[in-house]
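So the structure is just underneath, and the comments pick up after that.
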Amino acid sequence: MQNFEFHNPVKVVFGKGSIAELAELVPRGVPVLMTYGGGSIKRNGVYDEVKAALRGRAPREFGGIEPNPRYETLMRAVALARKERVKFLLAVGGGSVLDGTKFIAAAVPFKGRDPWDILAADAAVAAAVPLGCVLTLPATGSEMNGGAVISRESSREKLAFTSPLVYPRFSILDPATTFSLPKRQVTNGIVDAFVHVMEQYATYDVDAPLQDRQAEALLVTLMEEGPRTLKHPRDYEARANLVWCATQALNDLIGCGVPQDWATHLIGHELTALYGIDHAQSLAVVLPALLRHQRRRKRTKLLRYARRVMRLTGPAGDALILKAIAGTERFFRAVGMRTRLSEYGIPAEAAEVVAARLDRRGVKLGEHEDLGPKEVAEILRMCV
Ligand code: NZQ
Ligand code: ZN
């Protein structure tokens with residue numbers, strides 16, 4: 001196993017009715033800014049529940065954070081938070097609202113030239129406004145990690161940052177808030193969580209059987225609870241299991257002491273930035289091709305995946321691995337996800353465009369940090 005440090009400070013408050021806990025969790029006597037997205041929380045009652053929990057206090061509000069949250073929008077929230085001397089941020093919504101709020105948290109006290117440098121130039125996050133969240137969409141794991149992904153409309157970039165200072169102080173996960181999700185977002189969540197696990201699992205073996213089995217448990221549970229949720233959308237237990245899977249899929253735990261890949265995500269972010277497809281859609285397109293392309297170097301782990309997750313039998317070899325990857329793509333399709341660029345109307349030239357963009361940024365991808373433009377283009381050509 002590789003060396004690691006593990007420190008996850010997020011208090012998770014899970015279950016029906018847990019939004020009422022905000023009364024105790026949100027600090028009193030300081031200006032609070034509540035952030036949200038395009039209005040789903042007003043339609044499904046979550047906004048009212050939050051306001052009821054905070055009755056007697058008057059949090060400022062900033063709505064309109066869009067999916068793939070934009071720097072341009074978030075900077076307006078930064079200006080508001082500075083003006084109102086906000087001391088606590090409460091994000092209410094999906095991963096985009098939460099990621100956007102993490103950026104606001106880091107940008108408000110930022111002393112450098114432009115907070116965009118936190119994303120584009122690795123500028124240090126020296127301080128951040130504390131934040132908490134009510135999560136309404138199981139997918140990103142943002143509720144229990146220190147990462148955020150922000151898009152910039154003017155340059156069509158989509159970049160990530162991480163900082164120990166932007167972990168939420170608390171995350172309220174009430175699975176009942178997810179009943180109102182459209183099917184597309186449930187599908188997105190299943191696939192995003194699945195790919196988070198794969199990016200921390202399907203690398204090379206470092207003799208870490210516990211992390212392997214934790215990852216496999218998540219994958220198998222997602223393959224069971226995802227379809228169950230889609231078939232029985234009013235099943236609270238299925239929702240609860242899905243929420244907890246998504247949180248565990250990217251909360252630092254299964255990634256401890258093991259190599260991580262993230263090539264699928266980084267290629268996917270370019271597809272979203274350029275062609276506007278949903279985050280999880282981009283992953284469903286890239287992952288199967290990436291695994292096929294890299295299958296010799298990932299052989300040991302993919303054979304383990306074939307046997308323990310896809311439950312395949314037969315001699316250890318390329319055929320078994322290819323069958324497991326085909327099974328993965330079939331699973332994505334079975335939960336309602338398209339898995340090919342052409343199905344999203346993305347032209348074949350995307351392969352070269354994305355490869356050149358990543359190359360310009362000097363990015364080398366994968367667990368060996370050696371996938372360059374040639375490999376990225378090859379992988380994307382396998383996605384058409
Ligand atoms: O904006 P509103 O009106 O709230 O509607 C949202 C949005 O349109 C809607 N929604 C959310 N909860 C709902 C709901 N609709 C009905 N009922 C509810 N309970 O769903 C739509 C999508 O929301 P969004 O927050 O964009 O989805 P998701 O949670 O999948 O977040 C995606 C973003 O997270 C980033 C992605 O890149 C993307 O920008 N990621 C963040 C990560 C992290 N911080 O660790 C890791 C991930 O890999 C990912 O990159
Ligand atoms: Zn993701």
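Counting starts at 1 for both ligands and their atoms, following the listed order.
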Next item on the list: Report the part of Glu66 in contact with ligand 1, treating N, CA, C, O as backbone and CB onward as side chain, heavy atoms under 4.0 Å; options are side chain, backbone, both, neither.
Entry: neither
Margin query: If the cut-off is 4.0 Å to any non-hydrogen atom of Ala139, which atoms of ligand 1 fall inside it?
Written below: 30 (O)
Next item on the list: Pick out which of Leu218, Val309, Ile190 makes a side chain to side chain contact (heavy atoms under 4.5 Å, CB included) with Met223.
Entry: Val309
Next item on the list: Select one of side chain, backbone, both or neither to describe which atoms of Asp278 lie under 4.0 Å from any atom of ligand 1, heavy atoms only.
Entry: neither
Next item on the list: For the pair Lys301 and Glu367, find out whether any cationic side-chain nitrogen is under 4.0 Å from an anionic carboxylate oxygen.
Entry: no
Check: Is the shortest N/O to N/O distance between Pro182 and ligand 1 below 3.5 Å?
Finding: no
Next item on the list: Give me the one residue out of Arg295, Arg299, Lys323 that meets salt bridge (charged side-chain N to carboxylate O under 4.0 Å, His left out) with Asp318.
Entry: Arg295
Checklist line | Evaluation steps, side-chain hydrogen bond (donor to acceptor under 3.5 Å, both in side chains), between Glu66 and Ser96 | finding: CA-CA 7 Å; Glu66 52 284 281; Ser96 292; over 6 Å; no
Item checked: Distance-only donor-acceptor check, side chains Thr339 and Arg333, under 3.5 Å -> yes
Checklist line | Atoms of ligand 1 close to Leu250 [distance to a heavy atom under 4.0 angstrom, numbered from 1] | finding: 45 (O), 46 (C)
Check: Which residue owns the protein heavy atom closest to atom 19 (N) of ligand 1, what's the atom, and how far is it?
Finding: Thr177 O, 2.9 Å
Next item on the list: Return yes when atom CZ of Arg169 has more than 12 non-hydrogen atoms of other residues, nucleotides or ligands closer than 6.0 Å, and no otherwise.
Entry: no
Next item on the list: Identify, for atom 4 (O) of ligand 1, the protein heavy atom at the shortest distance, and state residue, atom and that distance.
Entry: Ser40 OG, 2.7 Å
Item checked: Asp117 bridged to Arg113 by N-O distance under 4.0 Å -> yes
Notebook entry, point to check: When only distance counts, is Asn68 in polar contact with ligand 1, meaning an N/O pair under 3.5 Å?
Noted result: yes
Check: How long is the gap from CG on Leu320 to CG on Leu302, to the nearest 0.5 Å?
Finding: 10.0 Å
Next item on the list: Please work out whether any backbone atom (N, CA, C, O) or any side-chain heavy atom from C-beta onward of Ser96 is under 4.0 Å from ligand 1, and answer side chain, backbone, both or neither.
Entry: both
Notebook entry, point to check: So which heavy atom in the protein is nearest atom 16 (C) of ligand 1, and how far is it from that ligand atom?
Noted result: Ser180 O, 3.3 Å
Next item on the list: Answer with yes or no whether the side chains of Tyr344 and Asp278 bring together a donor and an acceptor at under 3.5 Å.
Entry: no
Note to self: With a cutoff of 4.0 Å, is Leu181 in contact with ligand 1, counting heavy atoms of the residue only?
What the structure shows: yes
Notebook entry, point to check: Looking at atom 23 (O) of ligand 1, what's its closest protein heavy atom, distance included?
Noted result: Leu137 CD1, 3.4 Å
Note to self: One thing to verify: whether Asp174 and Arg239 come together as a salt bridge, which I'm taking to mean a side-chain N less than 4.0 angstrom from a carboxylate O.
What the structure shows: no
Note to self: What protein heavy atom lies closest to atom 46 (C) of ligand 1? Include the residue and the distance to one decimal.
What the structure shows: Thr140 O, 3.7 Å
Checklist line | Element-labelled atoms of ligand 1 that are located less than 4.0 Å from some non-hydrogen atom of Asn44 | finding: 17 (N), 18 (C), 19 (N)
Check: Quick one: nearest non-hydrogen protein atom to atom 47 (C) of ligand 1, plus distance?
Finding: His196 NE2, 3.3 Å
Check: Salt-bridged, Arg304 to Asp212, with N to O below 4.0 Å?
Finding: yes
Next item on the list: Measure distances from the Zn ion (ligand 2) and count the protein N, O or S atoms below 2.8 Å.
Entry: 4
Check: Quick one: do Lys51 and Glu61 make a salt bridge, cutoff under 4.0 Å?
Finding: yes
Notebook entry, point to check: Residues in salt bridge (Lys or Arg N to Asp or Glu O under 4.0 Å) with Lys183, at least two apart?
Noted result: none
Notebook entry, point to check: Should Glu329 and Arg340 count as an ion pair when the cut-off is N to O under 4.0 Å?
Noted result: yes
Check: Which ligand 1 atoms are under 4.0 Å away from a heavy-atom of Gly147?
Finding: 44 (N)
Note to self: With a heavy-atom distance limit of 4.0 Å, tell me whether Val46 approaches ligand 1 through its side chain, its backbone, both, or neither.
What the structure shows: neither
Margin query: Counting non-hydrogen protein atoms only, what is the nearest one to atom 41 (C) of ligand 1? Give residue, atom name and distance.
Written below: Asp99 OD2, 3.0 Å
Next item on the list: Examine Gly141 against ligand 1 and note whether any of their N/O atoms are separated by less than 3.5 Å.
Entry: no
Item checked: Proximal ligand 1 atoms for Asp192, defined as those under 4.0 Å from one of its heavy atoms -> 47 (C), 48 (O)
Check: For ligand 1, which atoms sit closer than 4.0 Å to a heavy atom of Pro69?
Finding: 39 (O)
Check: Near Ser142, which atoms of ligand 1 are under 4.0 Å from a heavy atom of that residue?
Finding: 43 (C), 44 (N)
Next item on the list: Report yes if Gly93 has an N/O atom closer than 3.5 Å to an N/O atom of ligand 1; otherwise report no.
Entry: no
Margin query: Taking the basic N atoms (NZ, or NE/NH1/NH2) and the acidic carboxylate oxygens, is any pair closer than 4.0 Å for Glu216 and Arg308?
Written below: yes
Check: Of all the heavy atoms in Gly39, does at least one lie under 4.0 Å from an atom in ligand 1?
Finding: yes
Checklist line | Contact check: Gly37 vs ligand 1, nitrogen or oxygen atoms, below 3.5 angstrom | finding: no
Next item on the list: Look at atom 29 (O) of ligand 1 and say which protein heavy atom is nearest, naming residue and atom and giving the distance to 0.1 Å.
Entry: Gly95 N, 2.7 Å
Next item on the list: Could you pull out all residues at least two apart from Glu378 that satisfy side chain to side chain donor-acceptor pair (under 3.5 Å)?
Entry: His293, Lys374
Next item on the list: Between Thr136, Asn145, Leu135, flag the one that comes closest to atom 12 (N) of ligand 1 by a heavy atom.
Entry: Thr136
Note to self: Counting only heavy atoms closer than 4.0 Å, does ligand 1 sit against the backbone of Ala280, its side chain, both, or neither?
What the structure shows: neither
Checklist line | Ser180 side chain to Asn44 side chain, donor-acceptor N/O pair below 3.5 angstrom | finding: yes
Notebook entry, point to check: At a 4.0 Å threshold, what atoms of ligand 1 neighbour a non-hydrogen atom of Pro67?
Noted result: 7 (C), 8 (O), 26 (O)
Next item on the list: Check whether any N or O atom of His279, backbone or side chain, sits under 3.5 Å from an N or O atom of ligand 1, and answer yes or no.
Entry: yes
Check: Relative to Tyr204, does Lys298 satisfy both conditions: NZ or CZ under 6.0 angstrom from the six-membered ring centre, and within 45 degrees of the ring's axis?
Finding: no
Check: Rounded to the nearest 0.5 Å, how far apart are CG of Asp359 and CZ of Arg357?
Finding: 13.0 Å
Margin query: With a heavy-atom distance limit of 4.0 Å, tell me whether Asn188 approaches ligand 1 through its side chain, its backbone, both, or neither.
Written below: neither
Would you tabulate the side-chain donor-acceptor contacts of residues 22-43 under 3.5 Å, counting partners in other chains and residues two or more places apart, or write 'none'?
| unit_1 | atom_1 | unit_2 | atom_2 | d |
| --- | --- | --- | --- | --- |
| Arg28 | NH2 | Ala23 | O | 3.3 |
| Thr35 | OG1 | Leu90 | O | 3.4 |
| Thr35 | OG1 | Thr101 | OG1 | 2.7 |
| Tyr36 | OH | Lys42 | NZ | 3.1 |

Next item on the list: Considering only NZ, NE, NH1 and NH2 on the basic side and carboxylate oxygens on the acidic side, decide whether Glu369 and Lys364 come within less than 4.0 Å.
Entry: no
